[in-house]
Amino acid sequence: MMKQLPTESKEFDLKNWCIENKAYLLLIILIYQVAVLSIGIINFPYLDDNARQVAGMTDFGTTYARWGSEFLSWFVQGSRHLTDLGLTTPILTGLILSLTSILAIYIINDQKISWGSSLVATLIGLNPWFLQCLSFRFDSPYMALSIFCSFLPFYWWQRNSFTFFLVSVFSLFVMFNTYQASSGIYIVIVLFLTFKQLLAGENFIALCKKVALAAIAYLLSIVSYLIELKFVPSATNNIGGSQALPSLHDIPSVAYQNSYHYFSELLNQSNRLWLLLLLLLLLVLFFISHLSNSKINLGLSFLYCILYLGLASLLSFGIFIVYSRNIAGDAPRYIYGFAVFVTISMLSLFNNRQVKAIYLTSLLVASLLSYYILSFVLVYSSTLNYQKEAFNRQAAVLTDDLKNVVTNERKKVYLNTFFKNSTVYANTSRNYPILSKIVPPNDGLYFPNYVWFNTSSNLGVEMAPLTDTDMSKNQKVVSNHFYDIYTNNKEIFVFMK
């Protein structure tokens with residue numbers, strides 16, 4: 001059963017619509033809260049969270065050129081010194097994403113809502129590529145806000161062009177100041193709404209004017225953001241934070257190389273069943289659904305389908321498509337814009353109910369894909385928990401031996417590797433390749449693990465990778481199943497087995 005809002009000619013009564021559709025809205029809110037709380041309740045110190053939990057610094061603005069996140073974190077905390085707020089930030093993140101999904105249904109689904117669209121819409125914030133963002137205990141609400149701001153202007157797409165333009169400039173400016181990985185979402189929505197209205201037979205010139213208005217708003221927001229970075233301190237004063245942009249001459253070749261790398265990463269990180277269902281949705285059902293519902297000739301409709309899928313999938317990466325380096329290999333969270341593009345395209349399948357067989361098939365396949373991806377959220381949270389337990393167990397054992405050799409004069413510890421990953425993590429990664437990219441490794445010799453160990457052990461040691469393996473001049477003080485420990489007057493060496 002679907003509920004529809006009043007037509008655009010009538011005044012929209014938000015209160016009545018919410019009351020009439022409260023069951024659908026509650027489902028969206030419930031799914032998000034279960035997901036974010038399943039991650040948040042584990043208390044996993046995710047990457048930068050380690051240092052923020054201990055030192056209380058923000059550094060969103062000075063390090064990542066995300067001054068919106070900086071100021072909002074002060075407001076949410078009630079102080080410029082951050083502390084771990086427990087489940088406050090996950091709950092807030094879930095609420096922001098719930099509003100985003102509800103807004104997406106309103107925009108994409110012709111103001112209609114159903115059980116199927118409610119389920120699919122939650123993939124905007126619960127797709128595997130955004131899970132890293134949900135895992136950050138301090139800045140996840142602001143990452144979620146960047147997605148919300150990308151959708152917000154389109155409430156006025158059909159209502160008032162001037163308001164749409166003003167809200168676009170402001171919202172996109174906020175988006176750039178909270179998380180630039182969302183920079184392709186606005187473009188995808190413009191392309192989809194244009195595609196949908198072209199198939200409905202609307203005036204081509206009028207649509208071109210609207211697209212031009214959106215493009216001007218996007219460019220103005222970029223210019224405003226760049227001007228801002230000239231007046232506020234930042235580590236890079238760059239639109240992409242720590243990433244450099246290529247020269248104009250190099251942009252085409254860089255965009256081609258990046259698109260190849262990004263799509264390769266998406267394929268390599270995806271579960272095979274996800275890919276199969278996705279191909280069925282986008283390469284079969286999407287075409288059948290939109291072509292059967294089109295008001296213009298079949299050949300032109302087919303061309304528009306090709307153009308939309310091609311351009312939107314490519315531009316969903318936003319400004320990252322022209323970065324000088326393939327950053328998707330570093331972290332999947334940089335390309336979650338593609339997952340939002342997929343979700344928007346899936347939502348559009350619920351618009352066509354004229355051919356019942358097509359609608360029901362689309363509903364079945366979309367629901368299956370949603371189930372497998374949403375269940376992965378719980379797989380991910382349990383894997384984080386196994387990793388945390390494995391790290392803490394091994395840290396306790398190492399602490400017990402190091403406490404006997406660490407002194408005020410001997411606090412430098414060198415390691416050949418860190419702790420072993422959970423055996424459950426290794427097994428689960430066989431079905432979900434993306435896990436190895438989004439679950440931090442226990443064996444990594446990098447700053448977050450060093451901070452985590454010191455927080456756990458209270459030893460206050462300085463840790464670094466071991467480069468010299470010749471221990472002939474050092475004394476072996478511990479040898480067991482897990483490691484050997486060597487010392488000299490000033491240094492400690494740990495050889496993990």
Side-chain angles (χ1 to χ4, degrees), residues 42-55 132 135-136 268-269 329-332 380 382-497:
I42 292 168
N43 291 319
F44 189 95
Y46 201 83
L47 301 178
D48 296 348
D49 288 349
N50 279 292
R52 292 195 174 103
Q53 286 174 326
V54 175
Q132 282 189 294
S135 304
F136 289 108
N268 293 334
Q269 293 168 6
D330 297 339
Y380 170 71
S382 68
T383 305
L384 283 180
N385 189 46
Y386 286 122
Q387 278 288 84
K388 177 186 173 183
E389 290 178 347
F391 188 100
N392 286 338
R393 282 196 303 270
Q394 295 171 85
V397 174
L398 180 60
T399 300
D400 194 50
D401 285 323
L402 283 182
K403 75 179 190 300
N404 299 317
V405 294
V406 171
T407 65
N408 290 334
E409 294 76 28
R410 187 168 57 198
K411 285 200 169 186
K412 186 78 172 183
V413 179
Y414 295 92
L415 305 97
N416 63 326
T417 185
F418 227 126
F419 303 130
K420 288 181 171 60
N421 292 318
S422 163
T423 53
V424 176
Y425 161 77
N427 177 61
T428 310
S429 298
R430 294 178 60 182
N431 277 358
Y432 304 100
I434 195 172
L435 270 181
S436 63
K437 293 286 188 178
I438 62 178
V439 175
N442 285 346
D443 58 1
L445 292 172
Y446 66 144
F447 180 71
N449 279 353
Y450 299 156
V451 176
W452 187 354
F453 177 77
N454 272 319
T455 303
S456 172
S457 67
N458 284 319
L459 288 176
V461 294
E462 181 183 350
M463 312 186 93
L466 178 66
T467 54
D468 184 6
T469 58
D470 182 9
M471 293 291 109
S472 58
K473 297 181 181 180
N474 302 309
Q475 178 184 3
K476 181 186 287 189
V477 292
V478 175
S479 182
N480 58 38
H481 177 75
F482 303 108
Y483 46 73
D484 293 330
I485 297 179
Y486 295 82
T487 63
N488 58 34
N489 290 336
K490 295 183 177 180
E491 299 165 315
I492 303 169
F493 307 89
V494 179
F495 281 83
M496 295 288 181
K497 297 179 181 177

Self-check item: Full working for side-chain contact (heavy atoms from CB on, under 4.5 Å) between Val461 and Tyr450
Solution: CA-CA 9 Å; Val461 294; Tyr450 299 156; over 6 Å; no
Exercise. Output the distance between atom OG (Ser479) and atom CZ (Phe495), rounded to the nearest 0.5 Å.
Key: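 Atom-to-atom, Ser479:OG and Phe495:CZ are 12.0 Å apart.
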What closest approach, in Å, do [X] and [Y] show between heavy atoms, and which atom pair accounts for it?
X      : Y      : value
Ala51  : Val451 : N-CG1, 4.1 Å
Gln132 : Ala331 : OE1-CB, 3.6 Å
Thr417 : Asp443 : OG1-O, 3.3 Å
Thr428 : Leu435 : CG2-CD1, 3.3 Å
Pro440 : Tyr46  : CD-CE1, 3.5 Å
Asn50  : Pro448 : ND2-O, 3.3 Å

Practice problem: Evaluate side-chain contact (heavy atoms from CB on, under 4.5 Å) for Lys403 paired with Leu459, printing each intermediate quantity in order. | Solution: CA-CA 7 Å; Lys403 75 179 190 300; Leu459 288 176; 4.2 Å; yes
Counting distance only, does the side-chain N/O of [X] pair as donor-acceptor with the main-chain N or O of [Y] below 3.5 Å?
X      : Y      : answer
Gln387 : Ser422 : yes
Lys437 : Gln269 : no
Asn488 : Asn474 : no
Lys497 : Asn480 : yes
Asn449 : Pro441 : yes
Asn442 : Phe418 : no
Thr399 : Ser457 : no

Exercise. Would you mind reporting whether Thr487 and Arg410 have side-chain heavy atoms less than 4.5 Å apart?
Key: yes
Quiz item: side-chain contact (heavy atoms from CB on, under 4.5 Å) between Leu398 and Met496: does it pass, once the steps are laid out?
Solution: CA-CA 10 Å; Leu398 180 60; Met496 295 288 181; 4.1 Å; yes
Quiz item: Which word best sums up how the rings of Tyr414 and Phe493 line up, parallel for under 30°, tilted for 30 to 60°, or perpendicular for over 60°?
Solution: parallel
Quiz item: Between the side chains of Asp401 and Tyr483, does any donor sit under 3.5 Å from an acceptor?
Solution: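 The criterion, which ignores hydrogens and geometry beyond distance, is satisfied for Tyr483 and Asp401.
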Practice problem: Indicate whether the side chain of Thr383 and that of Tyr432 have a donor and an acceptor atom separated by less than 3.5 Å. | Solution: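 There is no such pair between these side chains.
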Quiz item: Could you go step by step and tell me if Trp452 and Tyr446 meet the ring-ring contact (aromatic ring centres under 6.0 Å, His included) rule?
Solution: CA-CA 10 Å; Trp452 187 354; Tyr446 66 144; 9.9 Å; no
Quiz prompt | side-chain contact (heavy atoms from CB on, under 4.5 Å) assessment of Asp49 paired with Phe136 | solution = CA-CA 7 Å; Asp49 288 349; Phe136 289 108; 4.1 Å; yes
